[in-house]
Colleague: 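One structure follows; several queries about it will come next.
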Amino acid sequence: EGAGLVALGCKPQPANVDYEDLTGPYTILLWEDTCADWFTALVGAGGQSIAVATSYATLGIDAVAEALNNSQCPVIVCNFSKISECAALKSKCKDLTTVIYTHHFTSEADIKKGPPKCPGLKVISFDDVCKLKKETAFTAPTPSTISVIMYTSGSTGEPKAVVGTHEGLLARARWAAEGPMRMNPMNPSPPEEDEGEESDEGEESELEDAKESLDYTCGCLHTRVGFVDSVTETLCPLLQGASSMVPQEFNPGGIQATMVFGEVTHFSAVPSLWERLNDEYLGEINLKTAVCSGEPMPVPLMNRIIRNLD
């Protein structure tokens with residue numbers, strides 16, 4: 001995906017230059033609901049030092065236009081069903097050149113029809129962008145390179161932009177990976193030095209135990225993309241070599257179904273969501289680590305969660 005964005009005209013942010021001083025195609029906008037393509041675009045853009053601006057999938061088209069203009073985005077990633085709305089922004093958003101569409105929740109009938117005609121814009125599927133080639137497959141970001149520009153919902157006024165760097169993104173992920181969302185043995189402590197000799201057989205046994213544990217370690221999102229917590233929930237398991245499940249529906253029922261299907265072992269959520277997960281459900285999954293934050297934690301709820309931990 002990252003190489004495809006460069007092939008479409010996006011450019012890596014130059015090192016040691018303040019983002020606010022940049023003028024050019026250094027940012028793309030993601031206007032899509034939580035799906036695999038959203039995360040692929042985020043990681044791909046980051047690998048090319050391209051900033052990613054995000055708009056809530058539920059935001060109106062005026063807020064999307066403002067985000068496009070504010071970040072000078074030449075590319076927007078949206079759902080197939082939103083292509084026409086994005087095309088209508090061309091007159092308002094002079095920098096917009098390309099619409100990349102996903103097939104998230106798109107019917108086979110609509111896919112066969114193909115995308116609508118959009119004069120003045122290049123319209124290309126997400127899968128086809130991933131096939132585009134570029135000589136340089138990776139442009140490493142610096143710690144100060146902008147990673148994400150998250151726009152607020154705009155519920156109390158015009159959407160505001162919150163800027164995050166690669167350094168900040170990884171610092172938050174590392175904090176969680178080394179603390180509340182540590183997934184042994186993907187993130188083991190440094191080995192202690194032994195004065196005596198240790199047999200190769202013992203080392204091989206430890207590696208086998210680690211591999212077996214790795215096969216049964218998995219995280220799960222409880223927040224939609226566009227919220228900062230989703231970044232930690234996504235990256236922490238992946239950076240430790242584990243899996244991360246993405247629910248198709250972000251309600252208690254959808255999250256429960258995903259956790260049971262993925263045999264989730266590590267889960268982080270606010271207490272009010274934990275309250276809605278009953279004992280029968282918690283008993284069906286192999287939960288090893290439960291993280292609660294963001295709200296006061298009732299003692300009875302804490303005790304109920306502890307009883308259900310594996």
Side-chain angles (χ1 to χ4, degrees), residues 1-2 28-47 52-59 77-82 100-107 125-127 129-130 147-148 150-151 153 164 169-170 172-173 176-177 180-181 183 186 214-270 272-274 276-277 281-282 284-294:
E1 167 71 12
I28 67 169
L29 179 69
L30 298 186
W31 184 41
E32 172 60 296
D33 210 337
T34 307
C35 62
D37 290 342
W38 197 104
F39 292 107
T40 302
L42 176 68
V43 174
V52 173
T54 68
S55 282
Y56 288 96
T58 54
L59 282 182
V77 179
C78 69
N79 190 269
F80 181 92
S81 64
K82 303 289 187 180
I100 299 174
Y101 62 89
T102 74
H103 286 136
H104 185 52
F105 284 140
T106 304
S107 68
S125 73
F126 192 92
D127 292 340
V129 172
C130 293
S147 171
V148 180
M150 290 187 168
Y151 284 89
S153 64
L169 178 68
L170 291 179
R172 179 177 172 86
M181 287 298 284
M183 296 180 169
M186 275 68 69
L214 174 62
D215 292 338
Y216 294 97
T217 306
C218 182
C220 180
L221 272 72
H222 89 277
T223 52
R224 296 178 182 274
V225 295
F227 291 92
V228 68
D229 285 347
S230 69
V231 176
T232 305
E233 293 169 11
T234 304
L235 290 183
C236 283
L238 299 182
L239 290 175
Q240 298 178 80
S243 301
S244 184
M245 301 295 294
V246 181
Q248 289 196 0
E249 296 182 9
F250 281 85
N251 54 48
I255 292 173
Q256 288 184 182
T258 301
M259 292 179 70
V260 172
F261 175 79
E263 299 181 357
V264 168
T265 57
H266 291 61
F267 186 61
S268 172
V270 294
S272 56
L273 178 55
W274 281 107
R276 301 173 72 177
L277 304 178
Y281 155 71
L282 290 174
E284 294 180 17
I285 58 177
N286 188 30
L287 197 63
K288 299 181 181 299
T289 299
V291 178
C292 301
S293 63

Colleague: When you measure from the side chain of N251 to the backbone of G254, do you find a donor-acceptor pair of N or O atoms at a distance under 3.5 Å?
Modeller: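 Here the side-chain-to-backbone pair exists.
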Colleague: Please identify each residue that fulfils ring pair (Phe, Tyr, Trp, His ring centres under 6.0 Å) with W274, with sequence neighbours left out.
Modeller: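 So W274 forms a ring pair (Phe, Tyr, Trp, His ring centres under 6.0 Å) with F267.
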Colleague: Step through it carefully: locate the ring centre of F105, locate the ring centre of H103, and say whether they are under 6.0 Å apart.
Modeller: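 Centroid separation for F105 and H103: 6.0 Å or greater.
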Colleague: Taking C-beta and beyond as the side chain, do L273 and P252 meet within less than 4.5 Å on heavy atoms?
Modeller: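 The answer is yes, as the side chains (C-beta and beyond) meet within the 4.5 Å cut-off.
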Colleague: To the closest 0.5 Å, what do you measure between NE2 (H104) and CD (Q248)?
Modeller: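 Separation between the atoms: 6.5 Å.
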Colleague: Over all heavy atoms of both residues, which pair between P247 and I255 is shortest? Give the atoms and the distance, please.
Modeller: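 Shortest heavy-atom contact: CG-CG1, 4.2 Å.
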Colleague: Within a strict 4.5 Å, meaning less than it, do heavy atoms of the V246 and C35 side chains meet?
Modeller: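 They are not in side-chain contact.
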Colleague: Between L287 and A290, what is the shortest heavy-atom contact and its length?
Modeller: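 Nearest heavy atoms, L287 then A290: CD2-CB, 4.3 Å.
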Colleague: Is a side-chain donor or acceptor of T265 paired with a backbone partner of C218 at a separation under 3.5 angstrom?
Modeller: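 Side chain of T265 to backbone of C218: a pair is present.
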Colleague: How close do E32 and N79 get, counting heavy atoms only, and between which atoms?
Modeller: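 Smallest interatomic distance, heavy atoms only, reads OE2-ND2, 3.1 Å.
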Colleague: Specify the closest pair of heavy atoms between R276 and Q256, including all atoms of both residues, with the distance to one decimal.
Modeller: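 Taking every non-hydrogen atom into account, O-OE1, 3.5 Å.
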Colleague: Measure the spacing between CG of D37 and CG of L30 and express it to the nearest 0.5 Å.
Modeller: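 Answer rounded to 0.5 Å: 10.0 Å.
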Colleague: List for me each residue that meets side-chain hydrogen bond (donor to acceptor under 3.5 Å, both in side chains) alongside D127, sequence neighbours excluded, and say none if there are none.
Modeller: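 D127 satisfies side-chain hydrogen bond (donor to acceptor under 3.5 Å, both in side chains) with no other residue.
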Colleague: Compare every heavy atom of T106 with every heavy atom of F80, then report the nearest pair and how far apart it is.
Modeller: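 Taking F80 first and T106 second, the nearest heavy atoms are CB-OG1, 3.6 Å.
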Colleague: Got a donor-acceptor contact below 3.5 angstrom from the H222 side chain to the S268 backbone?
Modeller: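 Such a contact is found between H222 side chain and S268 backbone.
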Colleague: For residues G219 and V264, report the shortest heavy-atom separation together with the two atoms involved.
Modeller: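 G219 and V264 have their closest heavy atoms at O-CG2, 3.9 Å.
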Colleague: Is W31 reaching over with its side chain to a backbone N or O of V77, donor-acceptor style, under 3.5 angstrom?
Modeller: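 Not at all, since once roles are kept as given, no pair shorter than 3.5 Å links the two residues.
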Colleague: Roughly how far, to the nearest 0.5 Å, is the SG atom of C78 from the CG atom of L29?
Modeller: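 The SG atom of C78 is 9.5 Å from CG of L29, to the nearest 0.5 Å.
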Colleague: Is there a side-chain contact (heavy atoms from CB on, under 4.5 Å) between I28 and I100 once you walk through the steps?
Modeller: CA-CA 10 Å; I28 67 169; I100 299 174; over 6 Å; no
Colleague: Test side-chain contact (heavy atoms from CB on, under 4.5 Å) on T102 and W38 and set out the steps.
Modeller: CA-CA 9 Å; T102 74; W38 197 104; over 6 Å; no
Colleague: Would you say that F39 contacts L238 through its side chain, given a criterion of any heavy-atom pair below 4.5 Å between the two side chains?
Modeller: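 Not touching, per the 4.5 Å side-chain cut-off.
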